[in-house]
Amino acid sequence: MLGLWWANTAAVAGLDGWLTGAGRITGLLAGYAIAVLLLLMARIPALEHGVGSDRLTRWHSMGGRYVVGLSVAHTLLITWGYAVTEDTDVVGETVTLNLSYPDVLRATVAVLLLVGIGVASARAIRPRLRYETWFHLHFYTYLAAWLAFGHVLATGNEFIANPSARLAWYALYITVALVLIWYRVLTPVRQAFRHRFTVTQVVEEGPGVVSVHITGRRLDLLRAEPGQFFRWRFLTRELWWSPNPYSLSAVPGRNELRITAKGLGDHSRILARLRPGTRVLAEGPYGSLTAGRRRRRRVLLIAGGAGITPLRSLFESIPAAPGDLTLLYRARATGDLVFRHELDGISARRGARLHYCVGPTSVVGDPFASRTLAALVPHLRDHDVYLCAPSAMTAHVIASLRAVGVPPGRIHHESFEF
Ligand SMILES: Cc1cc2nc3c(=O)[nH]c(=O)nc-3n(C[C@H](O)[C@H](O)[C@H](O)COP(=O)(O)OP(=O)(O)OC[C@H]3O[C@@H](n4cnc5c(N)ncnc54)[C@H](O)[C@@H]3O)c2cc1C
């Protein structure tokens, strides 16, 4: 992008030259970054498995801030630069640009949409939104990319007289669109026809927590691994329009998958009312919290609350000799522990250590202080650690592990926050 600008700019002179130059660069970078952001969220299996969905989401949200910042800067700088060139005021130039330049009004709408999505994703607002609202709001990014696309080619000096640059720009956006359609639309539909996912039963695991058992044909072809998740679209009147992510809570079988959800909001609560026979679209498997990441013989799994789901399936399946596998499961109260019977059984069968850390920190102390952890898990430094918990607990546990010398490359974590 910078090369395009460089090749097209003979000299930068005067205030207007600097403003317009900066406006062009920020615009080119914003246009390129939108394409990259969309690609990060295209559910490309190599990225989902290699990088991990939650890291991709973090990159996407960080990149999103840059895109919003660059787009706003581009709009302001170009308008100001043109106003200086034409010796007019910024408001008048804004009206002229939007009404007389091709496709600029559409691009302005695109910037407003991006700012709206950015505001809704801000840390202060995001926790107040429902998953579904947040998810659907992001569809406006596609609209924004489409609205902004034309003005780049119609008004960008770098493209007007440069057929190769136009071709590259088309190629970039068409590739991104095809990848999105392939992985986010066609793949789930193809999987639904191929595997015919259907709910077989819903089992209450504890207060507000249910397991949904899903059957299907030749599920082994999915190559799902313990620790991974799918985005599930249950085809009922209330749930068909939102594909919420839930991890596999049992080792995936040839004909059955199981997920377990804590009822936090509309989607997760309605799962308890699903009827056997309900058809399901499943997107996945995603996630890199899998046995393949492990480097050492000893493995420590640390679960907080609903984070037990992916770790429950790893606890059952990750290869480990007796004594080499430990699970720490943190819950606020004994009643909040799920799979207790199953976990006790797995622990006995595999010779694995299992510690329930139950109760408020003010009463039971901090089980994840580095000293406590080191005392609880012999040879702690020599473990691969898998962690799935709420963000505050995750940050605290990672700091403690780092303090006792577990290198970051051996701490594998996934967040349920979106
Ligand atoms: C990769 C991944 C795997 C997941 N696996 C599981 C799983 O196995 N079991 C499970 O129970 N959940 C899991 N989740 C979380 C689950 O997807 C969401 O809790 C659920 O989709 C929220 O939808 P809802 O309509 O029930 O709640 P909403 O109506 O969207 O939310 C209600 C309220 O709860 C808050 N909230 C909802 N979910 C969360 C969350 N995860 N963290 C913090 N605040 C939240 C919202 O901000 C909102 O204030 C996973 C999430 C991800 C990203």
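Heavy atoms only: backbone and side chains are in, while hydrogens, waters and symmetry mates are out. Both ligands and their constituent atoms are indexed starting at 1 by order of listing. Keep in mind that what you see is a predicted model, and the values were worked out from it rather than measured.
Interface of L129 with ligand 1, defined as ligand atoms under 4.0 Å from a residue heavy atom, comprises 46 (C), 47 (O), 48 (C). Within ligand 1, the atoms closer than 4.0 Å to a non-hydrogen atom of P245 are 2 (C), 4 (C), 5 (N), 6 (C), 13 (C), 14 (N), 16 (C), 17 (O), 50 (C), 51 (C), 52 (C), 53 (C), numbered from 1 in the order shown. Residue contact check: Y131 has heavy atoms under 4.0 Å from atoms 23 (O), 28 (P), 30 (O) of ligand 1. In the vicinity of S268, heavy-atom distances shorter than 4.0 Å reach the ligand 1 atoms 24 (P), 26 (O). The A261 neighbourhood of ligand 1 comprises atoms 9 (N), 10 (C), 11 (O), with distances under 4.0 Å to a heavy atom of that residue. Counting the atoms of ligand 1 from 1 in the order shown, those under 4.0 Å from a heavy atom of R130 are 29 (O), 30 (O). Listed by atom number, the atoms of ligand 1 under 4.0 Å from K262 heavy atoms are 10 (C), 11 (O).
Open room surrounds OH on Y140; 12 or fewer heavy atoms of other groups in view lie less than 6.0 Å from it.
For ligand 1, none of its N or O atoms has an N or O atom of E414 under 3.5 Å away. Polar contact with ligand 1: absent for P310 (N/O pair, distance under 3.5 Å). Residue S247 has at least one nitrogen or oxygen atom sitting less than 3.5 Å from a nitrogen or oxygen atom of ligand 1, judged on distance alone. The distance criterion of under 3.5 Å between nitrogen or oxygen atoms is not met by F229 with respect to ligand 1.
Defined by atom type and a distance below 3.5 Å, a donor-acceptor pair is present between the side-chain atoms of T260 and S249. Remark: the T361 side chain and the R330 side chain contain an N/O donor-acceptor pair separated by less than 3.5 Å. Side-chain contact check for E132 and H267: no donor-acceptor pair (N or O, by modelled atom type) lies under 3.5 Å.
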Given the rule in the ring-ring contact (aromatic ring centres under 6.0 Å, His included) test, do H136 and Y131 qualify, once you have shown the distances and angles that lead to the verdict?
CA-CA 9 Å; H136 290 112; Y131 175 82; 8.6 Å; no

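Salt bridge annotation for D324-R297: present, with a cationic side-chain nitrogen under 4.0 angstrom from a carboxylate oxygen.
Only the side chain of T309 comes within contact range of ligand 1, with a heavy atom under 4.0 Å; no backbone atom does. When heavy-atom distances to ligand 1 are checked against a 4.0 Å cut-off, T260 comes that close only through its backbone atoms N, CA, C and O.
F149 and W169 have parallel rings, their planes meeting at less than 30° on a 0 to 90° scale where 60° marks the start of perpendicular.
Taking the centre and axis of the six-membered ring of F197, the NZ or CZ atom of R279 falls outside the cone set by 45° and 6.0 Å. Both tests hold for R106 against W146: distance to the six-membered ring centre under 6.0 Å, angle to the ring axis within 45°.
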